[in-house]
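Whatever order the structure lists them in is the order used to number ligands and atoms, beginning at 1.
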Amino acid sequence: MNTYFPNIPSVKYEGKDSKNPFAFKFYDPERVILGKKMKEHLPFAMAWWHNLCAAGTDMFGRDTADKSFGATPGTMEHAKAKVDAGFEFMQKLGIEYFCFHDVDLVPEADDINETNRRLDEISDYILVKMKETNIKCLWGTANMFSNPRFMNGAGSTNSADVFCFAAAQIKKALDVSVKLGAKGYVFWGGREGYETLLNTDVKFEQENIARLMKMAVAYGRKIGFEGDFYIEPKPKEPMKHQYDFDAATAIGFLRQYGLDKDFKLNIEANHATLAGHTFEHELRISAINGMLGSIDANQGDYLLGWDTDEFPSDVYSATMCMYEVLKAGGLTGGFNFDAKTRRPSNTHEDMFLSFILGMDTFALGLIKAAELISDGRIDEFVKNKYSSFESDIGKKILSGDATLDELSAYAEKSASCPKPESGKQEYLLSVVNSVLFN
Ligand code: XLS
Ligand code: NI
Ligand code: NI
């Protein structure tokens with residue numbers, strides 16, 4: 001287990017005063033917070049695609065990093081080297097889960113039967129590693145956006161043949177997910193969306209996406225998949241209008257098509273901010289609808305309008321996230337670092353340093369969110385804010401017995417214009433600061 005990253009030790013918790021770059025300063029897996037170990041609060045996952053495949057290419061330049069792991073890219077030897085490197089990486093960091101797309105695992109062949117054979121071979125290989133290490137699969141998915149066949153979408157495509165090809169990929173990705181014991185199966189919209197109404201039948205496309213999802217649920221349950229299906233909302237990129245714009249839109253879609261019992265949401269921080277929401281807003285909307293499933297832990301850049309997929313460093317945002325997660329009673333899924341090192345951070349060391357940053361950021365978020373909850377001032381404020389609904393006319397409104405006539409009579413009787421109390425935002429922000437920097 002010391003082949004691919006020979007110069008990097010197993011990363012341990014050393015505490016906040018440590019200057020060792022290859023140590024956790026805040027993530028202490030065994031530390032108990034609100035009755036649960038940190039590692040149980042924070043089931044971290046490695047995204048196969050960013051960590052083992054992406055090598056820094058952007059629209060203006062080719063790879064800067066070497067992800068060959070000693071093998072020739074595009075071969076099964078390379079696919080296996082990625083498995084070996086990935087498991088060494090996860091073991092050294094104490095990461096217990098991974099997530100994958102079908103084509104992250106193996107190079108796609110021209111013939112889908114050959115691709116599927118390769119997927120059988122690699123999943124056998126992964127399974128052995130999983131048994132040796134106790135590392136598990138958080139979720140799997142099918143990449144239905146990179147290949148040119150999906151230029152008009154997968155479930156939303158105009159081509160019945162492409163629709164069938166997408167179905168075949170989902171079927172196989174579900175087979176592999178079930179074989180690896182995945183807790184979830186993700187649908188990120190990819191190219192499910194459109195650029196112009198001039199060439200698009202939106203209703204037709206949305207109904208077809210729902211048909212594909214229904215077939216996926218039926219097949220998954222048939223082969224014994226007991227986990228959650230997830231939609232991962234995103235408002236734009238690659239399409240101008242993505243159908244799964246945000247949590248509220250995705251929840252409406254799932255309910256409309258009767259998919260809400262089998263699906264939850266996988267909320268990605270950078271997608272939330274692209275939609276003009278905070279990360280915590282998307283988490284709250286999911287949670288109050290019973291659909292908070294899993295998280296893609298990353299962050300965007302407020303100055304850039306695209307999915308920069310940065311490793312989380314913003315402790316404030318991580319605290320607000322963990323506040324929502326704790327209030328919701330935790331995740332059934334986990335925290336997948338759908339994040340990549342910056343293009344100039346191109347060494348293998350940088351891969352580790354990035355995960356250390358992300359894991360420490362979420363550990364701090366957890367510690368601080370638990371302190372905010374124990375402090376109690378925010379909860380108390382919010383409870384009091386709505387206290388007028390605890391008695392008299394307010395109580396009657398909540399009981400559902402009140403009529404508009406009655407409420408009107410009440411308002412007319414008191415005659416004067418009511419004065420609600422202050423929202424005290426600045427005070428509450430100072431409470432957060434006092435907890436963050438105590
Ligand atoms: C892209 C998405 C993607 C999904 C998995 O923006 O975040 O990486 O998580 O298909
Ligand atoms: Ni994602
Ligand atoms: Ni994303």
Side-chain angles (χ1 to χ4, degrees), residues 44-55 57-59 97-105 108 137-147 150 153-156 166 169-170 172-174 176-177 182-193 209 212-213 216 228-247 250 263-277 279 282-283 286 292-301 304-312 317 321 331 333-342 354 358 362:
F44 289 127
M46 177 194 78
W48 213 270
W49 53 104
H50 280 315
N51 203 44
L52 303 174
C53 309
T57 289
D58 71 10
M59 267 137 89
Y97 291 91
F98 62 89
C99 300
F100 70 90
H101 300 84
D102 46 3
V103 298
D104 302 336
L105 300 182
E108 192 177 9
C137 179
L138 186 63
W139 52 256
T141 188
N143 178 325
M144 305 193 300
F145 44 90
S146 295
N147 192 287
F150 296 122
S156 60
Q169 269 186 261
I170 294 170
K172 192 64 187 178
L174 271 166
V176 175
S177 299
K183 292 172 83 171
Y185 183 87
V186 164
F187 282 87
W188 164 58
R191 296 187 193 270
E192 315 290 35
I209 293 169
L212 192 56
M213 287 180 173
D228 288 317
F229 288 87
Y230 300 122
I231 281 187
E232 183 180 319
K234 186 177 184 180
K236 57 186 168 193
E237 194 206 301
M239 307 311 286
K240 183 160 80 177
H241 299 275
Q242 297 268 150
Y243 291 135
D244 303 321
F245 187 93
D246 61 0
F263 273 79
K264 289 192 166 72
L265 300 182
N266 181 39
I267 297 297
E268 178 165 322
N270 204 161
H271 297 182
T273 50
L274 283 179
H277 298 309
F279 187 15
E282 289 293 85
L283 297 168
S286 308
L292 177 56
S294 205
I295 283 178
D296 269 10
N298 63 12
Q299 71 183 30
D301 184 314
L304 302 175
W306 65 92
D307 202 10
T308 55
D309 285 345
E310 295 169 29
F311 276 88
S317 169
C321 163
L331 298 176
F335 296 80
N336 168 44
F337 287 111
D338 192 353
K340 59 184 180 217
T341 57
R342 297 304 84 195
S354 302
F362 269 84

My understanding is that only residues two or more places apart in sequence, or in another chain, count here; which of them pass ring pair (Phe, Tyr, Trp, His ring centres under 6.0 Å) with H101?
W49, F145
Within ligand 1, which atoms have a heavy atom of D307 less than 4.0 Å away?
1 (C), 6 (O)
I need the protein N, O or S atoms closer than 2.8 Å to the Ni ion (ligand 3), given as residue plus atom name.
E268 OE2, H271 NE2, D307 OD2
List every atom of ligand 1 that sits less than 4.0 Å from any heavy atom of D296, numbering the atoms from 1 in the order shown and giving each element.
9 (O)
side-chain contact (heavy atoms from CB on, under 4.5 Å), that's the test. Do T308 and R342 meet it? Break it down for me.
CA-CA 9 Å; T308 55; R342 297 304 84 195; 4.0 Å; yes
Nearest-contact summary for atom 9 (O) of ligand 1 - protein heavy atom, Å
E232 OE1, 2.7 Å
Are F229 and M213 packed together at the side-chain level, in the sense that at least one heavy-atom pair is separated by less than 4.5 angstrom?
no
Which atoms of ligand 1 sit under 4.0 Å from any heavy atom of K234?
1 (C), 6 (O)
Could you check whether any side-chain heavy atom of C321 comes within less than 4.5 Å of a side-chain heavy atom of I295, counting everything from C-beta outward?
yes
Check whether any side-chain heavy atom of N266 lies under 4.5 Å from a side-chain heavy atom of D228, and answer yes or no.
no
If you measure every N/O of E268 against every N/O of ligand 1, is any gap under 3.5 Å?
yes
F187 and E192, any side-chain heavy atoms less than 4.5 Å apart
no
Salt bridge or not for K234 and D307, using N-O below 4.0 Å?
yes
All ring pair (Phe, Tyr, Trp, His ring centres under 6.0 Å) counterparts of F150, not counting sequence neighbours:
none
Tell me whether ligand 1 is touched by D338 - counting only heavy atoms on the residue side and a distance under 4.0 Å.
yes
Sequence neighbours excluded, the answer for side-chain hydrogen bond (donor to acceptor under 3.5 Å, both in side chains) partners of Y243 is E205
Ring pair (Phe, Tyr, Trp, His ring centres under 6.0 Å) partner of F98, chosen from F44, W139, F337, W48:
W48
Record the part of H101 in heavy-atom contact with ligand 1 below 4.0 Å; permitted values are side chain, backbone, both and neither.
side chain
So for E237, does at least one of its heavy atoms come nearer than 4.0 angstrom to any atom of ligand 1?
no
